[in-house]
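Everything on this sheet refers to the single structure shown next.
Per chain, numbering begins at 1; letters A, B, ... match sequence-line order. Side chains are part of it too, since the values below use all heavy atoms of this structure and drop only hydrogens, waters and symmetry mates.
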Number of protein chains: 2
Amino acid sequence: MTTTTAPTTRMASDERRELVLKAATVVFGQRGYAGTTTDAVAAAAGVSQPYVVRIFGTKEKLFLAVLKRALDLLLGSFRAALASDSPGTVGYRIGAAYVDLLSDRGLLLSLMHGFVLGAEPEIGRVARCGFLDVYRFLKNEAGLPAAEAADFLAHGMLMNTLVGMRMTDDYESDPDARELLQGALQTKLPLLLEVTNGPGSSASTAS
Amino acid sequence: MTTTTAPTTRMASDERRELVLKAATVVFGQRGYAGTTTDAVAAAAGVSQPYVVRIFGTKEKLFLAVLKRALDLLLGSFRAALASDSPGTVGYRIGAAYVDLLSDRGLLLSLMHGFVLGAEPEIGRVARCGFLDVYRFLKNEAGLPAAEAADFLAHGMLMNTLVGMRMTDDYESDPDARELLQGALQTKLPLLLEVTNGPGSSASTAS
DNA sequence: GTCTATACCAAGATAGAC
DNA sequence: GTCTATCTTGGTATAGAC
């Protein structure tokens, strides 16, 4: 599949970089690191394949950049949720922020793919380091006790897994899938269903 | 990399199949679906690459077979733990069985890779179905309430993630990694450290 | 049942024009 | 800054011998 690209408008390298990173996040989130081709990323970003390589050097460096960006956004949104004065406990507010991130298609899934690739030296390093940063945030900044922080992470991993396997596809047809999704996502489930299955897939968003 | 294979001893197809599945489980667990080459599997199994393809038809079918086998073993070991008369609550006993499976290098990690590949039609189907089977087991056979079953799954996913990212590599050097691993794995941590980091990496197994 | 040899394609990366 | 063209490698799958 060769990318058909109309003579693209020039833009500052920082802008283009971010554009490609966004596109790459979606594709990596869907297909994983090895399963993603630089050509697919290029197509999603609307640029040529060699240009993607040109910007980031190698596919691995691109993936690492995606991971770092995702971790930055994640912690940024956690910090915002912590600072905000919305109702609920600290854990609840950060949890809500996490679920909101699930709608940023690919962000948490790209992370997830990175997390299970500890055997790749570079990727593993970034994954472990990033994961620990989140753990430290939960304990030191959000003030959660160790057990609660681990619990938070555990449920985050469950959500990632459910989304990654597209369990939402079985939401209509399988009562157990429905129950599990409801248990894991609570009030945020309608949001996720809307994002993944398109508008109108849940009973009602607000009425 | 071409596989160097000494004139291999013949064996029944079922035996050889299981042998290749075991090897494939390890490699897929390490590198994921797309990241694994049939040649690497062949090398690990000590057979030729075309033979691996010959047995399973395609790489995808091989991976699906790995997933199904892993799910069978998982549920089998859960049922055994449930039936056994070892001490502890049902949740504890099944949890212990799960952690024991972590030492079967690759089994849970292959599953994990399958779980986050919901976009692949076949793999996604098997993943969702298998995951729901486990959920149903926890509720219907083990008798856990929905919330506890979800909690169990959540912590399972956290363990898979920690093992997949090789967090055990940071066990010595990073106090937070140590704490997180201890919190997630409890009394089973020494077992895991022995498997991943080699004997003697934890304080003591028994004394 | 198992191998060797190989066809064939996909994908990452490079060269170089504009 | 961005593209087209292309080199090169590696990897799945097939053919066919033993």
Taking atom P of C:dA15 as reference, at what distance in whole Å does atom OH of A:Y51 sit?
-> 18 Å
According to a strict under-4.0 Å criterion, is A:T38 in side-chain N/O contact with OP1 or OP2 of C:dG12?
-> yes
Nearest-nucleotide pick for A:R16, side chain only, options being D:dT2, C:dA11, D:dA13 = D:dT2
Atom CZ of A:F56 and atom C1' of D:dT2: how far apart are they, to the nearest Å?
-> 14 Å
Donor/acceptor link under 3.5 angstrom from A:Q49 side chain onto base of C:dA11 | no
Output a table of donor-acceptor pairs, distance under 3.5 Å, between side-chain atoms of residues 129-138 of chain A and any protein atom two or more places apart or on a different chain; print 'none' if there are none.
unit_1	atom_1	unit_2	atom_2	d
A:D133	OD1	A:R136	NH1	3.1
A:Y135	OH	B:E179	OE1	2.6
A:R136	NE	B:D176	OD2	2.6
A:R136	NH2	B:D174	OD2	2.7

Take atom NZ of B:K59 and atom P of D:dT14, then tell me their distance rounded to the nearest Å.
-> 15 Å
Give a yes or no on whether a donor-acceptor pair under 3.5 Å exists between the nucleobase atoms of D:dG16, that is its base, and the side chain of B:R54.
-> yes
5' priority, DNA chain C, between B:P50 and B:S13 [closest heavy atom] = B:S13
Only one of B:D39, B:T37, B:T38 forms a side chain to side chain donor-acceptor pair (under 3.5 Å) with B:Q49, so which one is it?
-> B:T38
Atom CG of A:D39 and atom P of D:dT2 are separated, to the nearest Å, by 17 Å
d(CD1, A:I55; P, C:dA13) in whole Å | 14 Å
Between D:dT2 and A:S48, is there an OP1 or OP2 to side-chain N/O distance shorter than 4.0 Å?
-> no
A:R125 atom CZ, over 12 foreign heavy atoms within 6.0 Å | no
Nearest whole angstrom, please: distance from the C1' of D:dG11 to the CZ of B:R31.
-> 14 Å
Any pair counted as salt bridge (Lys or Arg N to Asp or Glu O under 4.0 Å), so long as it reaches residues 55-77 of chain A, sequence neighbours left out = A:E18-A:R69
Rounded off to whole Å, could you give me the CZ-to-C1' distance for the B:R17 and C:dT2 pair?
-> 17 Å
